[in-house]
Amino acid sequence: MINIALPKGRLGEKVYDMLERAGYGCPSIKEPGRKLIFENEEAGVRYFWVKPSDVSIYVERGAADIGIAGKDILLEYSPDVYELLDLNIGKCRMAVAAKSDFYDDKQKTLKVATKFVNIAKAHYTSVGRDIDIIKLNGSIEIAPILGLSDVIVDIVETGATLKENNLEVIETIIPISARLISNKASFKFKTGEIEKLTEKMRLQIKTDD
Ligand code: PRP
């Protein structure tokens, strides 16, 4: 049995559809209700719906053998897991954004609001810029509007949230997509099963062209 942590929400549903097409379906998962654990003994899989940012915690600690996590979470928390596959879905980018009239005075310490403290610090360290980090937990776009920060470091998908709040991207830090990850010990003890699933998932990946 492979234990799989799925990220709750739209990305998780897309990932489950890929797994179903790959031969790891679990029909009960589509039944309405609040259940969080589903099993298909025949296909050898047990699924858990968890908060997207918690997937890598379940996998790192072995509560799940494998899972699907955004590259943003993997970069931010550096969990000790194997990254097996880029699924080419859940695509977005990590970017710096600011009000359209923002002028960057490079002599000043930059006030940066973000959920992604480690990604932001690494980015500004790499360009040698002093920053003051303001850690927020959501609705990051409000920070520059209210003068809490100069810029934000956040995920941009369609760009609609920025646009509707009169902000714009001033720099892209890194492209993001969903990754299949594995617990290290599970990969050792369930190598055959995990590699088989990985290869079947690889066949479900849609390229961009
Ligand atoms: C994310 C991100 C942006 C938005 C970007 O927020 O933080 O706010 O999506 O998407 P867009 O470019 O398509 O508008 P999320 O929905 O995860 O909520 P949050 O405010 O809790 O971060």
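Values below: every heavy atom of this structure, side chains too, minus hydrogens, waters and symmetry copies. Everything quoted here is computed from the prediction, not taken from an experiment. Ligands are counted one by one from 1 in listed order, and the atoms in each one are counted from 1 as well.
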Shortest non-hydrogen pair, R93 vs T172, comes out as NH1-OG1, 2.6 Å
Under 4.0 Å between a side-chain nitrogen and a carboxylate oxygen: does that hold for K71 and E83?
yes
Counting from 1 in the order shown, the ligand 1 atoms closer than 4.0 Å to a non-hydrogen atom of T161 are 4 (C), 5 (C), 8 (O), 10 (O), 11 (P), 14 (O)
Going by the 4.0 angstrom heavy-atom rule, the piece of D154 near ligand 1 is side chain
key: Distance-only N or O hit between ligand 1 and G159, under 3.5 Å   = yes
closest protein heavy atom to atom 20 (O) of ligand 1 is S139 N, 2.9 Å
Taking only non-hydrogen atoms of K115 and a 4.0 Å limit, the atoms of ligand 1 in range are 19 (P), 21 (O), 22 (O)
Counting from 1 in the order shown, the ligand 1 atoms closer than 4.0 Å to a non-hydrogen atom of T158 are 11 (P), 12 (O), 13 (O), 14 (O)
Is atom 18 (O) of ligand 1 less than 4.0 angstrom from some protein heavy atom?
no
| message | Is it the case that the ring center of Y47 lies less than 6.0 angstrom away from the ring center of F38? | response | no
Under a 4.0 Å N-O cut-off, is there an ion pair linking R202 with E199? yes
Heavy-atom nearest pair, M1 first then R46, reads SD-N, 3.8 Å
A student checking ligand 1 against V156 at a 4.0 Å heavy-atom cut-off should list atoms 12 (O)
N118 side-chain N/O to E76 backbone N/O, donor-acceptor pair under 3.5 Å
yes
On a heavy-atom basis, the closest approach of I170 and A98 is CD1-CB, 4.1 Å
Quick note, side-chain hydrogen bond (donor to acceptor under 3.5 Å, both in side chains) partners involving residues 96-115, not counting sequence neighbours, are D104-R129
When distances are taken from atom 8 (O) of ligand 1, the protein heavy atom at minimum range is E141 OE2, 2.6 Å
Exercise. Mark whether atom 14 (O) of ligand 1 lies under 4.0 angstrom from at least one protein heavy atom.
Key: yes
By ring pair (Phe, Tyr, Trp, His ring centres under 6.0 Å), F116 pairs with (sequence neighbours left out) none
**Request:** Indicate yes or no: does an N/O atom of N137 lie under 3.5 Å from an N/O atom of ligand 1?
**Result:** no
In this structure, atom 1 (C) of ligand 1 is nearest to the protein heavy atom I155 O, 4.5 Å
Would you please determine whether K163 falls within less than 4.0 Å of ligand 1 on a heavy-atom basis? no
